[in-house]
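Here the structure is laid out as structure tokens; the discussion comes afterwards.
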Amino acid sequence: MGLVVQKYGGSSVADAEGIKRVAKRIVDAKRNGHQVVVVVSAMGDTTDELIDLAEQVSPIPAGREFDMLLTAGERISMALLAMAIKNLGHEAQSFTGSQAGVITDSVHNKARIIDVTPGRIRTALDEGNIAIVAGFQGVSQDKKDITTLGRGGSDTTAVALAAALDAEVCEIYTDVDGVFTADPRVVKKARKIDWISFEDMLELASSGSKVLLHRCVEYARRYNIPIHVRSSFSGLRGTWVSNEPHAEQGARKVEQAIISGVAHDTSEAKITVVGVPDKPGEAAAIFRAIADNEINLDMVVQNVSAASTGLTDISFTLPKTEGRKAIDALEKTKSAIGFESLRYDDQIAKISLVGAGMKTNPGVTASFFEALSDAGVNIELISTSEIRISVVTRADDVKEAVRAVHTAFGLDSDSAEAVVYGGTGR
Ligand code: ADP
Ligand code: ASP
Ligand code: MG
């Protein structure tokens with residue numbers, strides 16, 4: 001039997017009971033003859049609590065110290081998990097990201113993994129240990145500073161280790177039974193997906209389905225690591241994410257569904273740059289100011305300029321956490337660019353419909369908009385790709401909109417309701 005990487009999210013190790021329950025699962029995998037590497041997240045909402053604490057001390061905490069603080073969460077859970085496993089009579093050793101060889105660039109708060117050198121993990125495994133690795137963290141190649149990979153980054157740690165250690169599979173244990181056609185916290189009739197392609201999962205993840213982080217799926221696709229997303233609270237088979245479905249993955253070789261699912265995201269804000277002179281170079285200057293501050297944008301829309309004034313508005317969405325930085329950066333360029341004002345709106349939601357089958361189904365966009373209109377939901381921005389349509393709406397409308405679209409595309413399950421085993425949904 002080969003090597004497996006198992007990742008347990010925060011809700012799976014929320015308290016001492018959770019840690020002991022997870023320890024039993026890990027020991028079972030070891031007893032079944034596997035070499036086991038475990039990646040663990042911080043307990044429950046620890047990371048959010050540490051962020052709240054930092055913000056009380058300083059409204060814009062410095063990247064280096066912020067990362068140092070946040071990695072403490074995973075250190076607590078990794079040590080406790082190793083203790084719980086030892087208590088069951090098995091050998092376990094815990095490692096920080098740095099000790100496990102997770103090497104990153106030096107962009108604090110959202111570092112990228114550039115290399116994984118898991119020599120110490122190999123040695124620990126060869127000596128018969130279960131290796132426990134703190135998720136979401138690494139060490140920067142140049143400055144040797146502690147970094148974090150961005151929220152939800154333990155998923156990426158797990159896949160990166162699975163690739164570096166040539167694991168059979170990367171199991172992502174969470175608080176729902178797999179990847180569903182919509183967030184089970186919002187749509188009780190969401191349906192569990194047996195198998196989903198990397199391509200569709202990537203699109204769902206980048207549209208806000210936080211059950212898997214998009215960087216983790218990107219990594220898994222690049223190194224062709226199959227992911228099995230499942231619950232740490234049940235023994236059920238979950239969702240396989242891979243290039244091709246295999247028989248053992250519980251998926252029949254059927255034609256891919258037209259629609260994989262509906263994703264929503266309330267973590268973004270919208271900035272509108274009002275009264276931009278409609279001439280070459282203006283958009284370039286605006287987005288250069290944003291890019292120079294390492295801010296990632298999502299949707300971008302430019303209005304047709306009013307003939308009488310020759311001025312236009314440019315709107316874009318970005319993570320709320322970057323809102324202040326973006327506004328500050330744009331304010332500094334105001335006189336150079338010559339726009340009139342900035343509007344900031346963080347009461348928005350993005351709703352996306354994802355599916356590789358939609359590129360050959362011309363009616364999908366119309367049905368999507370009809371479902372929203374029937375639900376009385378107003379659309380503020382639209383963006384499309386070959387396998388996704390996204391709209392921005394008011395945040396208040398998000399649940400209703402997701403449910404309406406899910407029903408309209410025939411995704412509602414007629415069997416039991418989707419179970420959410422734990423977590424606060426924070
Ligand atoms: P963990 O702490 O295990 O990393 P997360 O909270 O990051 O867990 O991810 C699991 C959560 O993702 C679920 O509780 C669910 O609310 C949410 N989620 C969003 N979209 C989906 C989806 N399409 N399928 C399953 N879960 C989803
Ligand atoms: N603890 C980190 C977070 O809450 C990383 C993770 O859970 O994946 O974002
Ligand atoms: Mg997660």
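Note: hydrogens, waters and symmetry copies are ignored here, and every other heavy atom, side chains too, is used. Every number for a ligand or one of its atoms is a count from 1 in the order of the listing. When a residue number appears, it is its place in the shown sequence, counting from 1.
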D155 versus ligand 1: do any nitrogen or oxygen atoms come within less than 3.5 Å of each other? no
Which heavy atom of T174 sits nearest a heavy atom of S12, and at what distance? O-OG, 3.7 Å
Checking side-chain polar atoms at under 3.5 Å, does S41 have a donor or acceptor matched by the opposite partner on S154? yes
Touching ligand 1 at all, S41? Heavy atoms, strictly under 4.0 Å? no
Atoms of ligand 1 less than 4.0 Å from V176 heavy atoms? 13 (C), 14 (O), 25 (C), 26 (N)
Answer yes or no: does an N/O atom from K7 fall short of 3.5 Å to an N/O atom of ligand 2? no
As a quick check of understanding, evaluate side-chain contact (heavy atoms from CB on, under 4.5 Å) for D145 and V139, giving each step before the final call. CA-CA 5 Å; D145 275 331; V139 60; over 6 Å; no
Worked check of side chain to side chain donor-acceptor pair (under 3.5 Å) between T272 and D313: CA-CA 7 Å; T272 304; D313 295 345; over 6 Å; no
Partner of K350 under side chain to side chain donor-acceptor pair (under 3.5 Å), picked from T266, D298, D265, is D298
Which residue is it: V229, V169, I193? I am looking for the one with a side-chain contact (heavy atoms from CB on, under 4.5 Å) to W240. V169
Only one of H228, Q35, K30, H34 forms a side-chain contact (heavy atoms from CB on, under 4.5 Å) with V4, so which one is it? H34
Nitrogen or oxygen of F180 less than 3.5 angstrom from that of ligand 1: yes
Run the contact test for A182 against ligand 1 with a 4.0 Å cut-off on heavy atoms, strictly below, and give the result. yes
Closest to atom 2 (C) of ligand 2 among E74, Q137, M43, K210 (heavy-atom distance): E74
To which protein heavy atom is atom 7 (O) of ligand 2 closest, and what is the distance rounded to 0.1 Å? S41 OG, 3.1 Å
What atoms in ligand 1 come closer than 4.0 Å to a heavy atom of V179? 24 (N)
Below 4.0 Å from ligand 2: does a non-hydrogen atom of G9 turn up there or not? no
Which word best sums up how the rings of F368 and F409 line up, parallel for under 30°, tilted for 30 to 60°, or perpendicular for over 60°? tilted
For ligand 2, which atoms have a heavy atom of G152 less than 4.0 angstrom away? 3 (C), 5 (C), 6 (C), 8 (O), 9 (O)
For atom 6 (C) of ligand 2, find the nearest protein heavy atom and state the residue, atom name and distance (0.1 Å precision). S154 OG, 3.3 Å
Any side-chain donor near an acceptor of the partner, S98 and T96, under 3.5 Å: no
One pair to check against side chain to side chain donor-acceptor pair (under 3.5 Å): T147 and D67. What are the steps and the verdict? CA-CA 5 Å; T147 52; D67 275 353; 5.4 Å; no
Looking only at distances, please establish whether an N/O atom of ligand 1 is found under 3.5 Å from an N/O atom of T181. no
For atom 7 (O) of ligand 1, grab the closest protein heavy atom and report residue, atom and distance to one decimal in Å. K210 O, 3.5 Å
Using distance alone, with no hydrogens and no angle criterion, decide if T148 and H108 have a side-chain donor and acceptor under 3.5 Å apart. no
So, 4.0 Å and heavy atoms of P184: is ligand 1 close enough to count as a contact? yes
At a 4.0 Å threshold, what atoms of ligand 1 neighbour a non-hydrogen atom of G178? 24 (N), 25 (C)
T47 heavy atoms, cut-off 4.0 Å: which ligand 2 atoms fall inside? 1 (N), 2 (C), 3 (C), 4 (O)
Which ligand 1 atoms are under 4.0 Å away from a heavy-atom of K7? 4 (O)
Is the charged tip of R21 near the ring of F233: under 6.0 Å from the six-membered ring centre and within 45° of its axis? yes
Step through the shown structure and confirm whether more than 12 heavy atoms of other residues, nucleotides or ligands are within 6.0 Å of CZ on R288. no
Among all protein heavy atoms, pick out the one at the shortest distance from atom 2 (O) of ligand 1; state its residue, atom name and that distance to 0.1 Å. G10 N, 3.2 Å
Among protein heavy atoms, which sits nearest to atom 4 (O) of ligand 2, and what does the distance come to when rounded to 0.1 Å? R151 NH2, 2.9 Å
For S11, the ligand 1 atoms with a heavy-atom partner under 4.0 Å come out as 2 (O)
Option of least heavy-atom distance to atom 20 (N) of ligand 1 (set: V186, D183, D175): D183
F136 neighbourhood, listing ligand 2 atoms whose heavy-atom distance to it stays under 4.0 Å: 2 (C), 5 (C)
Answer yes or no for H264: is there a heavy-atom contact with ligand 1 below 4.0 Å? no
Cationic N near anionic O, under 4.0 Å, K325 to E294: no
So between V354, T174, D45, whose heavy atom ends up nearest atom 8 (O) of ligand 1? T174
Determine whether the side chains of T317 and E268 contain a donor N or O and an acceptor N or O closer than 3.5 Å. yes
